[in-house]
Colleague: 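Following this message is one structure expressed as structure tokens.
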Amino acid sequence: MSARLSVMLVVVLLLGAAALPPAAATPPALRCTAPEAVTRFKVSLPNTARAIRRGAALVIVAIGSSSTQGVGASDQAHTYPALLAEELQRHWPRLAVTVVNKGVGGDTADQMLARFTRDVLPYRPQLVIWQTGSNSVLQSRDVQGYEQTIREGIARLKAAHMDVILMDPQYAPRILGRPIYKAIVDTIGEVSNDLKVAVFRRFAVMRYWVTSGQYRMEDIISYDQLHMNDASYHCIARLLADSLASAALATPLPQADDPMTTGSESHRGMLGTSALKDTVGEIIDGL
């Protein structure tokens, strides 16, 4: 190639690069971070921890409304339950993880409670994630009645020996436009403290993203000003998986239930000691 042709080629390449839009024009991907103070669970998850440590199948039912169903996601693969299953499989590659999506758009807490017999109990999950509160905010439901409903629901799940994680409303313009939102969010926190169940503080996590200046509301909320989008569903799933893994690893089990202190003969099918240590290592690596 002649020197003149080489120079011309360089000029063409430079002009082409100058015509490209600047990198800043592309919105940055969410980093999926939030303070530990709003993501850490204050209670243990004994049934979940037992299944993980035994190497048994981990079954989770995600019950809720449109946020669970996945409105705002590009497809079902980008709903938070589907992404949560992927994230948990990343933590525990050798564990059979199933997350059953039982979200129904528009459902309020009492409608979800009525579905427990059909949509939760038959699966016999070790863990139930109950996303609730958003429609009670939008419909300005009675707070006292809402509280009674979630108390009853938690009692039913506990009686069936299932761990419970409550997920509170999303931080979105249409939620913030209803003054009752604070009472609903506070009620979920108070009930979780009172009944000793975990709460994933989605509202606080998303508020942190916006108020800290990391992201704009339009980065994490769909055009309808209510539902999350692929990016925020992904981040919520990742943070929820990390919180769940931390809680499960920190949960003490009775000596008879802990495979680290029992012989393999008494627990057929569970992970051996070396495999269990590998699994625990994977959890730590993933956190």
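Given the structure is predicted, the values throughout are model-derived calculations rather than measurements.
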Colleague: Donor-acceptor pair, distance only, cut-off 3.5 Å: does the side chain of Q131 make one with the backbone of A62?
Modeller: no
Colleague: Apply side-chain contact (heavy atoms from CB on, under 4.5 Å) to V38 and list each qualifying residue two or more places apart in sequence or on a separate chain.
Modeller: A34, P35, R201, A204, V205
Colleague: Suppose the criterion is side chain to side chain donor-acceptor pair (under 3.5 Å): which pairs have a residue in residues 152-162, not counting sequence neighbours?
Modeller: T117-R156
Colleague: Contact between S232 and Q170 at the side-chain level, heavy atoms closer than 4.5 Å - yes or no?
Modeller: no
Colleague: With heavy-atom distances below 4.5 Å as the criterion, would you say the side chains of I221 and P173 are in contact?
Modeller: yes
Colleague: Please give me the minimum heavy-atom distance between P169 and G133, naming the atom from each residue.
Modeller: CG-C, 3.7 Å
Colleague: Counting C-beta onward and ignoring hydrogens, is there a side-chain heavy-atom pair between I129 and V99 closer than 4.5 Å?
Modeller: no
Colleague: Taking it one step at a time, do H91 and L244 satisfy side chain to side chain contact (heavy atoms under 4.5 Å, CB included)?
Modeller: CA-CA 10 Å; H91 281 290; L244 193 159; over 6 Å; no
Colleague: For I175 and L138: C-alpha separation, side-chain torsions, deciding distance, then whether side chain to side chain contact (heavy atoms under 4.5 Å, CB included) applies.
Modeller: CA-CA 7 Å; I175 296 293; L138 294 174; 4.1 Å; yes
Colleague: Check whether N47 reaches the backbone of L127 with its side chain - one donor and one acceptor, N or O, closer than 3.5 Å.
Modeller: no
Colleague: Who are the side-chain hydrogen bond (donor to acceptor under 3.5 Å, both in side chains) partners of E36, not counting sequence neighbours?
Modeller: R40
Colleague: Given 3.5 Å as the limit, does a donor-acceptor pair link the side chain of W209 with the main chain of M217, or not?
Modeller: no
Colleague: Using the ring pair (Phe, Tyr, Trp, His ring centres under 6.0 Å) criterion, which residues pair with F200? Sequence neighbours excluded.
Modeller: none
Colleague: With a 3.5 Å distance limit and no angle check, can you tell me whether N193 reaches the backbone of E190 through a side-chain donor-acceptor pair?
Modeller: no
Colleague: To the nearest 0.5 Å, tell me how far I220 CD1 sits from M206 CE.
Modeller: 4.0 Å
Colleague: Would you check if there is a donor-acceptor pair between the side chains of T79 and Q69 at a distance under 3.5 Å?
Modeller: no
Colleague: Hey, could you give me the CG/CG distance between L83 and L240, rounded to the nearest 0.5 Å?
Modeller: 11.0 Å
Colleague: Are any non-hydrogen side-chain atoms of W92 and L88 less than 4.5 angstrom apart?
Modeller: yes
Colleague: Go through the structure and list residues passing side-chain hydrogen bond (donor to acceptor under 3.5 Å, both in side chains) with S74, not counting sequence neighbours.
Modeller: H78, D230
Colleague: For R141, enumerate each residue passing the side-chain hydrogen bond (donor to acceptor under 3.5 Å, both in side chains) test, keeping only those at least two apart in sequence or located in another chain.
Modeller: Q139
Colleague: Does any N or O in the side chain of R124 come within less than 3.5 Å of the main-chain N or O of A160, such that one atom is a donor and the other an acceptor?
Modeller: no
Colleague: Could you pull out every donor-acceptor pair under 3.5 Å between side chains of residues 179-189 and any protein atom, sequence neighbours left out?
Modeller:
| unit_1 | atom_1 | unit_2 | atom_2 | d |
| --- | --- | --- | --- | --- |
| K182 | NZ | D186 | OD2 | 2.9 |
| T187 | OG1 | A183 | O | 2.7 |

Colleague: I'd like to check R90 versus R238 (side-chain heavy atoms, cut-off strictly below 4.5 Å). Are they in contact?
Modeller: yes
Colleague: Please report the interatomic distance SG(C32) to CG(D242), rounded to the nearest 0.5 Å.
Modeller: 9.0 Å
Colleague: Who are the side-chain hydrogen bond (donor to acceptor under 3.5 Å, both in side chains) partners of Q126, not counting sequence neighbours?
Modeller: none
Colleague: Testing the basics here: between Y233 and S67, what is the closest heavy-atom pair and its distance to 0.1 Å?
Modeller: CE2-O, 3.3 Å
Colleague: Quick one: CZ on F116 to CD1 on I63, what's the gap to the nearest 0.5 Å?
Modeller: 5.0 Å
Colleague: Within the structure provided, determine whether Y208 and Q214 are in side-chain contact (heavy-atom separation under 4.5 Å).
Modeller: yes
Colleague: With sequence neighbours excluded, what pairs up with R151 under the side-chain contact (heavy atoms from CB on, under 4.5 Å) test?
Modeller: E147, V191, D194, L195
Colleague: Please round to the nearest 0.5 Å and tell me the distance separating atom NE2 of H227 and atom OG of S65.
Modeller: 7.0 Å
Colleague: Could you measure the distance from the CG atom of L176 to the CD atom of Q225? Nearest 0.5 Å is fine.
Modeller: 10.0 Å
Colleague: Can you name the side-chain contact (heavy atoms from CB on, under 4.5 Å) partners of S192, sequence neighbours left out?
Modeller: L166, V197, V199
Colleague: Only distances under 3.5 Å count here; give the side-chain donor-acceptor pairs of residues 103-115 to other protein atoms, sequence neighbours excluded, each with its distance to 0.1 Å.
Modeller:
| unit_1 | atom_1 | unit_2 | atom_2 | d |
| --- | --- | --- | --- | --- |
| D107 | OD2 | R115 | NE | 2.8 |
| D107 | OD2 | R115 | NH2 | 3.1 |
| T108 | OG1 | D110 | OD1 | 2.4 |
| T108 | OG1 | Q111 | OE1 | 3.2 |
| Q111 | OE1 | T108 | N | 2.9 |
| R115 | NH1 | K102 | O | 3.1 |
| R115 | NH1 | D119 | OD2 | 2.7 |
| R115 | NH2 | G64 | O | 3.1 |
| R115 | NH2 | K102 | O | 3.2 |

Colleague: Could you tell me which non-hydrogen atom of A51 sits nearest to which non-hydrogen atom of L58, and how far apart they are?
Modeller: CB-CD1, 4.3 Å
Colleague: Side chain to side chain contact (heavy atoms under 4.5 Å, CB included) for I236 and M167? Distances and angles first, verdict last.
Modeller: CA-CA 10 Å; I236 289 298; M167 180 186 290; 4.2 Å; yes
Colleague: If we only count heavy atoms from C-beta on, is the L239 to R202 side-chain gap below 4.5 Å?
Modeller: no
Colleague: Scan for ring-ring contact (aromatic ring centres under 6.0 Å, His included) pairs involving residues 41-66, sequence neighbours excluded, and state none if there are none.
Modeller: none
Colleague: Would you check if D163 and P46 make a side-chain contact, meaning some heavy-atom pair closer than 4.5 Å?
Modeller: yes
